[in-house]
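Since the structure comes first, as structure tokens, the remarks are kept for the end.
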Protein chains: 2
Amino acid sequence: MPTDKNIELTINHGHAASPPKAAKKILDVAYDLFYRRGIRAIGVDEIVKRAGVTKPSLYRSFPSKDELAASYLRQYDREYWERFDEAVAAHPGDPRAQISAFLTRVGKRTQRPDYRGCGMTNAAVEYPEHGHPARVVSEANKQELRHRLREMAAAMGAQDPDTLGDGLLLLIEGAYISGQLFGLGGPAASVARNADLLIEASLKK
Amino acid sequence: MPTDKNIELTINHGHAASPPKAAKKILDVAYDLFYRRGIRAIGVDEIVKRAGVTKPSLYRSFPSKDELAASYLRQYDREYWERFDEAVAAHPGDPRAQISAFLTRVGKRTQRPDYRGCGMTNAAVEYPEHGHPARVVSEANKQELRHRLREMAAAMGAQDPDTLGDGLLLLIEGAYISGQLFGLGGPAASVARNADLLIEASLKK
DNA sequence: TGACAATGTTACCGATCGGTACGTATACAT
DNA sequence: ATGTATACGTACCGATCGGTAACATTGTCA
């Protein structure tokens, strides 16, 4: 991702206390609304209204609504890998424990009453057209997830690391979706246990 | 689902050869467009244009766009269980083979170049609001799927049938989503193999 | 103080959104 | 032939969509 002219890079450009606080407020509000109610469902008018600013402020910081959505997803991406890396860092050198920690966390998140699934997954569903700014970010996130899972499956000594890594990804995506579909007590609650069973069955004997 | 005032029940009401064919064309076109590009992404104008009819024709057969979307999903639901029951009927009395057959089929479907995921899942993502006509149909479909999978898991002698059933559901939903995210060669291709591993690890020893 | 750049505001654009009032065409029964 | 019911089309509605032109305000420099 070589070109990135978005707000997250220009938010404090020099002057110590010159505040483009509007851009931050806009992104914060857009993040919340896009995640909770969907990107297509939210109009720019509602975003600027809730952010307490006006439309031109939005369009001076973001070239378009689609790019604002992409910025939201880039923010989501950062926080996503933060959570992932926390689980990894908690169990150095033990990929199986890392996965277990991450999936336990995912399982818990999916049981929260306001859980709305994975922002990345949802965006890809909302924008099937290849090349859409939001979808590009989403696809990159998922490719990275697949890559990491396959590597961890190899590190934990799976017979077929690619299959196990992909199996874990299927369980994770299933948890994201069924978390928002079934709510509390849904199948997503069992993602960690099922992943553990799958891992156990996939290791070299 | 006791009340159902929609077109599928009134499409041939008496006169042998004088049905409102407009309604069928509308539903067919809506099915295709809603599935391929998303419900929110498609306006009623495009539907009637592609169907070769006019807007009042649509609103005479369907009370609203939301209800048209619900009708599309009811149609999707019927075809869904048709496919499911075919896999079941192919292996009478052998739930494990039934699941295997269904998941092999799902895996193949997800690898088709124009695959766009599960219409039910996608609709639930597009409409997070509880009670939305489209979401109601989608949730019912998923509840039924969960129920059937848990029953089949019990029938095949799982140690913890509910956990295995839910695990299979997670894999299936993961396949639906990653099928449209990764396309050909994505993780969804391995859904049947991973399900088999999970089943093997979940049976009573 | 004056100049400049950045940010904010008012008011508006054409296009499209879901939905409808109302007139027309066709078929059948009387 | 003429009523009656049904299906379909023309033309339109207000609201909202994403986006912008022109102007006012602000803070930071010299």
request  = Can you tell me the distance, in whole Å, between the CG atom of A/Leu58 and the C1' atom of C/dT9?
outcome  =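 Going from A/Leu58 (CG) to C/dT9 (C1'), I get 14 Å.
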
task = Grab the NZ-C1' distance between A/Lys49 and C/dT9 for me, whole Å please.
result = 17 Å

query = Which pair of non-hydrogen atoms, one from B/Arg37 and one from B/Arg116, has the smallest distance, and what is that distance?
reply = C-NH2, 3.9 Å

Test: A/Arg36 and A/Asp32 ion pair at under 4.0 Å =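 Judged by the 4.0 Å cut-off on N to carboxylate O distance, A/Arg36 and A/Asp32 do form a salt bridge.
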
message = Strictly under 4.0 angstrom, non-hydrogen atoms only: write out the protein contact profile of nucleotides 9-22 of chain D, one letter per nucleotide from the 5' end, B, S or -.
response = BB------SBBBBB

message = Could you tell me if A/Arg83 sits above the aromatic ring of A/Phe102, with its cationic atom closer than 6.0 Å to the ring centre and no more than 45 degrees from the axis?
response = no

key: Rounded distance (nearest 0.5 Å) linking atom CG of B/Asp196 with atom OG of B/Ser190   =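 Rounded to the nearest 0.5 Å, the CG-OG separation comes to 12.0 Å.
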
inquiry  = Test your reading of the model: is there a side-chain donor-acceptor pair from B/Asn122 to the backbone of B/Gly117, 3.5 Å cut-off?
reply    =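 Answer holds: no.
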
